[in-house]
Amino acid sequence: MSERTQDHGQDGRPTPPAKGERLADWADGRLGIHTLGKSQLRKVFPDHWSFMFGEICLYSFLILILTGVWLTLFFEPSGLEVEYNGPYEPLKGVLVTRAYESTVDISMEVRGGLLIRQIHHWAALVFVAGMLVHMMRVFFTGAFRKPRELNWLFGWTLLMLGLITGLTGYSLPDDLLSGTGVRFAQGAILSIPVVGTYLSFFLFGGEFPGHDIIPRLFAVHVLLLPGIMLGLVVAHLILVFYHKHTQFAGPGRSERNVIGAPFFPVYVAKAGGFFFLVFGVLALMGAVATINPVWALGPYRPDMVGTGAQPDWYLGFSEGLIRVMPSWEINAWGHTLELGVFIPFALFPLIMMAIAVYPFAEAWVTKDRREHHIADRPRNAPARTSFGVAWLSLYGVLMVGGGNDIWATHFHLSINAITWFVRIAFFVVPPLAYAVTYRVCLGLQRRDRAKVLHGRESGIIKRLPHGEYVEVHQPLSQAERYTLTAHEQPVPFEVGPLVDANGVARKVPRADRLRARLSRAMYGPGTQVPKPTAQEYRQVHSGDGHP
């Protein structure tokens with residue numbers, strides 16, 4: 001139990017503790033929260049603008065839970081058909097499902113219903129966008145390295161579950177747009193060899209669309225996936241506290257310390273204010289920016305597809321894979337294998353899996369088993385940065401493919417031309433983005449090297465006694481020079497000589513040969529600009545050069 005100094009009244013008698021203090025002592029005696037709070041509330045967190053992306057994910061997730069709980073009070077997840085007799089005149093007398101009718105009722109009749117619906121939808125988009133940007137920040141800075149590989153997998157799993165949760169929630173209103181998305185997903189499932197038909201019948205309870213899919217999607221969207229995601233978020237935050245936060249290089253910062261503000265009260269106050277800022281922005285977006293107007297789209301009908309039917313942005317690239325894939329198929333022994341759908345359907349998880357396993361692949365190539373708490377500047381890891389940009393460029397190309405009809409109608413282009421552009425760009429753009437990014441990273445490294453040696457350009461031109469004109473450079477401070485040169489430059493892995501001292505050929509495992517090739521590609525000659533040495537700096541500033 002925590003110790004406390006007991007106060008005395010004017011008569012000298014001990015003053016009984018206040019009710020709140022008694023409650024705190026009671027809880028501390030059973031849960032040990034005083035010791036836990038003393039060690040964790042003063043935990044130091046570094047401060048950098050890029051760290052806010054993770055907070056945006058967390059706050060938008062909390063807003064999703066709050067608005068989602070409110071919406072479940074009014075939404076009826078039923079596929080039964082009824083005749084609409086609500087206040088929206090264009091739909092009167094139309095047969096709709098109870099799910100669609102209740103969604104329109106929330107938008108038209110429930111006070112504040114449309115605002116909450118739109119906040120929920122915008123928060124979902126921001127949540128997935130925040131996760132993607134947050135993971136890219138972690139990726140480009142190398143914050144996934146030991147001991148944070150497990151936390152990287154937690155974040156990747158949250159991203160995948162967020163995509164699935166968005167699909168299930170997007171499909172619940174049963175409007176023409178969301179119904180088209182469910183039909184798209186069902187077609188992709190049918191393309192799975194042998195078991196595709198069985199999986200479709202299992203999920204939909206029979207023939208598409210059936211009456212079971214909406215209640216099932218509702219249970220998955222409201223109970224199963226949010227519960228798993230909430231557990232992963234808690235585990236993710238616990239590991240962030242346990243491993244401590246990464247920080248960028250700077251004076252006084254090392255792998256063994258963290259420089260920043262304490263969690264309580266500074267970080268808590270800033271985080272609380274930022275939460276309400278995110279909530280306010282999402283509320284403003286929900287109030288002024290219409291999204292998913294189900295009353296205008298109309299109810300879903302299996303025999304209709306709306307023009308410009310697009311999924312939410314985070315699933316656009318998966319649809320782009322299927323839209324631009326040639327319609328190949330194999331007919332054998334009375335069965336049809338629809339390669340035009342199955343290959344893109346299988347490529348989607350493979351592309352995402354490459355991001356999941358990258359930390360382990362990089363650790364295997366570098367054989368680096370040290371703990372890393374200092375974040376890299378992206379320019380100082382050109383191979384990793386280029387790989388990430390290539391992945392993002394592929395994502396953008398497939399987004400164009402997923403909205404090929406929108407591009408065609410809005411810019412008066414041929415949809416066939418757009419499709420062929422995406423097919424070619426799928427193979428051309430990522431390698432090109434990799435090469436360009438690699439050169440940019442090396443150029444930025446050269447600029448840092450010149451800045452350390454000569455200082456910052458001032459724009460002041462000076463004429464020397466012998467007539468030469470030079471630009472005056474402002475020397476960097478010692479702290480700035482340290483920040484620009486604090487990064488490591490790994491040495492590529494080598495397998496060693498292929499023969500021993502006696503001339504006998506050594507047996508080099510194939511894994512080591514592959515590791516050496518990849519390591520040379522990532523850290524070999526020409527992949528890094530050497531950092532300036534102290535001797536080079538003294539030589540430049542000895543009076544012979546022009547500072």
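Hydrogens, waters and symmetry mates are skipped; everything else that's a heavy atom, side chains included, is used.
Shown are Thr67, Leu277, Leu64, Val126; of these, the side-chain contact (heavy atoms from CB on, under 4.5 Å) with Leu282 is made only by Val126. A side-chain contact (heavy atoms from CB on, under 4.5 Å) with Val294 is found for exactly one of Ile106, Asp174, Asp175, Leu176, namely Asp175. Checked against Arg377 for a side chain to side chain donor-acceptor pair (under 3.5 Å), the options Asp448, Thr385, Thr483 give a single hit: Asp448.
For Phe241 and Phe263, the ring centers are positioned less than 6.0 Å apart. Taking the six-membered ring for Trp and the full ring otherwise, the centers of His48 and Phe51 sit less than 6.0 Å from each other. Checked against the 6.0 Å centroid threshold, Phe317 and Phe348 count as a close aromatic pair. Aromatic ring centres of Phe360 and Trp364 lie farther apart than the 6.0 Å criterion allows. Taking the six-membered ring where the residue is Trp, the centroids of Tyr59 and Phe279 are separated by 6.0 Å or more. Aromatic ring centres of Phe264 and Phe45 lie farther apart than the 6.0 Å criterion allows.
For Thr72 (side chain) and Val69 (main-chain N/O), a donor-acceptor pair under 3.5 Å exists by modelled atom type. Glu255 contributes a side-chain N or O that, together with a main-chain N or O of Ile374, makes up a donor-acceptor pair within less than 3.5 Å. Between the side chain of Asn151 and the backbone N or O of Arg148 there is no donor-acceptor pair closer than 3.5 Å. Side-chain N or O atoms of Gln445 include one that pairs as donor or acceptor with a backbone N or O of Arg379 at under 3.5 Å. Not a single donor-acceptor pair under 3.5 Å links the side chain of Trp391 to the backbone N or O of Ala354. With Asn404 contributing its side chain and Arg323 its backbone, the two residues share no donor-acceptor pair below 3.5 Å. Of the possible donor and acceptor atoms, one in the side chain of His221 sits under 3.5 Å from a partner among the backbone N and O of Gly169.
Atom CD of Gln478 is surrounded by 12 or fewer heavy atoms from other residues, nucleotides or ligands within 6.0 Å.
Closest heavy-atom contact between Gly286 and Gln118: O-NE2, 2.5 Å. Scanning all heavy atoms of the two residues, the minimum distance from Pro382 to Ser386 falls at O-OG, 2.7 Å. Minimum interatomic distance between Val529 and Leu442 (heavy atoms only, all atoms of both residues): CG2-O, 3.7 Å. Across every non-hydrogen atom of Ala390 and Pro430, the tightest pair is CB-O, 3.5 Å.
Leu58 has its side chain out of reach of Phe275: every pair of non-hydrogen atoms, C-beta onward, lies at least 4.5 Å apart. Residues Ile65 and Ile63 form no side-chain contact, since every pair of their non-hydrogen atoms from C-beta on lies 4.5 Å or further apart. Two residues are said to be in side-chain contact when any heavy atoms from C-beta on lie closer than 4.5 Å; Arg145 and Glu362 meet this criterion.
In this structure, Arg515 forms a cation-pi arrangement with Phe493, its terminal cationic atom sitting closer than 6.0 Å to the ring centre and no more than 45° off the ring axis.
Electrostatic pairing of Glu536 and Arg449 counts as a salt bridge here, judged by a charged N lying under 4.0 Å from a carboxylate O. Using a 4.0 Å cut-off between charged nitrogen and carboxylate oxygen, Glu480 and Lys451 do not count as a salt-bridge pair. Between Glu371 and Lys244 there is no salt bridge, since no side-chain N of the basic residue sits under 4.0 Å from a carboxylate O of the acidic one.
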*asked:* Under the criterion ring pair (Phe, Tyr, Trp, His ring centres under 6.0 Å), I'd like the reasoning laid out for Tyr358 against Phe139: C-alpha separation, chi angles, the key distance, then a yes or no.
replied: CA-CA 9 Å; Tyr358 183 87; Phe139 179 85; 5.0 Å; yes
